[in-house]
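Working notes for the structure below.
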Amino acid sequence: MNDGDAMMTALPGGGLHLLKPPVGAAAEGLLGTFLEGLPHAAWLARLDTRCIVAANGQAARWFVGADAPASALLGRAADAVAASPEDLAWWLGAELGDCSPLFSDTLVGSCDGRTRPVSRSIRVVELPLQAGGEPQSLALVTLADRSAEVQLQAQREELVAELQGTLEATADGILVTDLAGRLRVFNRRFAELFELPDDLLLKRDDAALRDGLVSRLADPAADARRLLALQGEAPVSERFTLTRGRVLERVSRPLMHDGRGSGCVWSFRDLTERLAAEERIETLSHTDPLTGLANRGRMAEHVRSLLELPEGDGSGTAGPTTLSLLVVDLDRFGHINDTLGHVVGNDVLLDVAQRIQGCLRKGDLLARVGGDQFAIVVSPADAAFAEKLAGRVLNEIKKPCSVGDAQFTLTCSIGVALAPSHGRDADQLMRRAEQAMRAVKGTGRANWRLHQARTEVDWRSHMKIDHAMRHALVSNRFRLNYQPQVCLATGIVTGAEALLRWRDPEMGEISPGRFIKVAEDSGFIVQLGEWVLRTAVGQAARWHAQGRSLPVAVNVSALQFQQAHFVERVAEALAVAGMPAPLLELELTESILLHDEAGDMLHRLEALARLGVQMSIDDFGTGYSSLSYLKRIPVHKLKIDRAFVSGLPDDDGNAAIVRAIVQMAHALGKTVIAEGVETEAQRQFLSDIGCDEFQGFLFAPALDVLSFEQRLPALTTPVPPRRRAPRMRLVS
């Protein structure tokens with residue numbers, strides 16, 4: 001060791017002792033080197049005077065300034081430089097002889113006015129203050145700046161708080177374990193889902209926690225092993241059912257650190273309400289909400305499942321299952337809703353559902369497929385079984401029904417389709433059973449019918465004609481022919497009936513008997529009838545302007561007559577054409593008399609009469625005319641149907657009917673015209689019994705306008721042209 005070298009050793013109680021004190025200038029250099037070599041701010045102070053005798057540059061920069069040298073702190077009081085309560089307490093203790101080392105974290109102010117967190121230490125060292133001098137007891141004070149550490153700690157705590165808040169905010173239960181399955185982190189939702197007691201969570205007893213989780217499983221034997229079992233690195237999703245019926249979905253995801261697995265994150269989601277909602281939706285999607293029966297969709301699925309089942313036929317070859325589909329539609333059910341209200345109507349539907357269900361076997365399906373329409377699926381079942389079942393249902397439905405104070409009798413119409421002969425899927429079977437049911441409705445109701453292949457062919461033809469008619473009206477392909485009406489006494493033409501004709505480019509000439517029925521069924525008869533009315537009135541107005549005041553008769557369907565603004569439409573057509581109202585005759589069907597709700601029919605007839613329009617009953621004798629109505633309504637003419645004229649004069653029955661019609665009409669002051677007169681014998685008979693007019697092929701067929709006008713001069717006596725009639729006011 002050189003003279004300038006020195007060695008220090010620790011003293012008992014934590015002080016430092018210089019074994020070989022420095023000599024001369026070496027002492028100052030040694031102290032400076034010693035303090036500068038420390039990583040933190042440091043200084044030495046005398047114990048007796050508390051004055052700083054040496055410091056390093058970091059201490060000077062801390063307390064004096066950024067550019068201050070180490071000597072700037074020399075001579076300052078140590079308890080003034082670092083004046084925290086702990087520093088002051090230590091110096092006071094040192095004065096009393098207690099120089100125990102001090103190590104603590106505190107806050108110390110710096111020259112820039114900031115207070116920084118530090119780790120401070122004070123310990124006593126024995127060092128000479130001058131060369132050759134005796135060692136002195138000095139206090140070595142160090143300050144380690146903890147600002148970065150504290151900031152990092154604050155950031156870490158903030159991050160932990162955010163993570164904890166995120167865990168608590170999620171609706172899922174979260175559990176984090178290490179690779180050994182030990183509990184690391186969890187949230188409150190996890191404890192709630194498994195209904196874990198607080199004491200179990202506070203203890204952090206991993207074995208007890210696992211036992212608590214397993215005890216909540218509905219099937220511990222099957223689910224315990226995989227509850228907290230990490231399976232590979234990919235996320236794994238599984239479901240567990242707890243003892244109280246709660247269903248949890250568990251997703252496990254490995255926890256990775258530095259590219260290696262360090263544990264597992266478990267996420268538990270409560271699926272109970274969602275699964276219950278899905279079940280309710282599934283139930284509602286296949287169930288009628290009123291009756292609780294299957295709906296149309298569920299019925300279709302049931303039919304499909306039955307038809308997909310193979311059925312042995314005895315030869316070793318499997319064939320499709322046979323079944324019957326019955327569509328039950330209540331007759332005139334709308335009257336119940338309209339009269340008694342929908343609440344009573346719903347009660348009736350519930351009663352009907354119970355009645356039909358009582359007719360079925362176990363395994364047969366009853367569904368509600370419409371407002372008052374039910375479907376029955378029975379399998380196996382052939383036509384004979386379907387017939388018996390339809391009979392039982394008909395008899396059950398027609399039993400007296402009592403709801404509240406109301407008592408009434410219901411009937412129903414039933415259509416039947418068989419699989420596979422009538423269809424191989426639910427849609428085909430439903431369509432064909434409904435067609436059969438509608439056929440029952442059209443023939444009187446309260447019966448049943450098996451689907452007939454011809455019905456579907458007729459329906460396809462019906463749709464084709466309906467489609468073609470609508471295009472024909474837009475394309476102006478309809479035309480009117482006019483058949484003369486002749487006075488039997490004088491042979492003079494007294495009027496003309498406008499008859500609708502149609503030639504289609506694809507189907508050719510189509511008879512009115514074919515397309516009029518289609519138009520009535522589809523409702524297109526209203527539009528078609530308005531076109532006929534406007535066209536016929538326009539033609540009659542042109543003849544009238546030419547000096548030939550010839551009444552024109554136009555057929556009116558019951559549906560057209562029932563339209564709310566029918567009278568206004570007639571008045572408008574007359575006003576636009578400028579034709580006197582008496583030159584228009586409306587031929588009404590007897591069915592109009594059967595649908596007089598609240599006297600609406602009579603009001604319309606009276607409004608037309610006030611307008612000046614003439615009216616007649618077409619095809620009289622074929623319907624159900626009420627004589628009391630016939631006496632009251634303002635109809636001036638009855639038209640005898642061709643069915644009664646065709647057998648004249650040899651058919652005694654027809655002759656008696658025609659004679660009675662003529663006598664009754666004259667007694668009521670009405671004119672009688674017979675249609676379909678084709679022979680002279682028929683004309684003579686009608687003349688002999690006093691019939692007023694006739695029309696038919698004997699005189700002339702229905703003629704186009706040009707042909708009719710060519711014959712018109714010879715058939716009528718021209719009259720002087722009349723002044724154009726003023727436009728007529730609409731009559732309400």
Practice task
With side chain to side chain contact (heavy atoms under 4.5 Å, CB included) as the test, would you mind laying out the steps for Cys487 and Asp692 before giving the verdict?
Solution key: CA-CA 6 Å; Cys487 175; Asp692 302 295; over 6 Å; no

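- Between the side chains of Trp543 and Glu709, at least one donor N or O lies within less than 3.5 Å of an accepting N or O.
- Distance alone, capped at 3.5 Å, places no donor-acceptor pair between the Arg514 side chain and the Ile465 backbone.
- Ion pairing between a basic and an acidic side chain is recognised when a charged N comes within 4.0 Å of a carboxylate O; Glu506 and Arg477 show no such pairing.
- The residues Glu680 and Arg683 are annotated as salt-bridged, a charged nitrogen and a carboxylate oxygen being separated by less than 4.0 angstrom.
- Of the residues listed (Glu585, Gln614, Glu587), the one engaging Lys637 in a side-chain hydrogen bond (donor to acceptor under 3.5 Å, both in side chains) is Glu585, and it is the only one.
- Annotation: His636, atom NE2; neighbour count of heavy atoms from other residues, nucleotides and ligands within 6.0 Å is above 12.
- Taking the six-membered ring for Trp and thresholds of 30 and 60 degrees, His422 and His451 have ring planes more than 60 degrees apart, a perpendicular arrangement.
- Other residues, nucleotides and ligands place no more than 12 heavy atoms under 6.0 Å from the CZ atom of Arg332.
- In terms of modelled atom types and a separation under 3.5 Å, the side chain of Arg368 and the main chain of Gly371 share a donor-acceptor contact.
- Although no hydrogens or angles enter the test, the distance criterion places no donor-acceptor pair under 3.5 Å between the side chain of Ser707 and the main chain of Leu703.
- Annotation for Phe408: atom CZ counts as buried by contact number, over 12 foreign heavy atoms lying within 6.0 Å.
- Ion pairing of Arg479 with Asp704 is absent here, as no side-chain N (NZ or NE/NH1/NH2) approaches a carboxylate O to less than 4.0 Å.
- A salt bridge links Glu497 with Lys639: the distance from a Lys NZ or Arg NE/NH1/NH2 to an Asp or Glu carboxylate oxygen falls below 4.0 Å.
- A donor-acceptor pair under 3.5 Å links the side-chain atoms of Asp425 to the main chain of Gln428, judged by distance alone.
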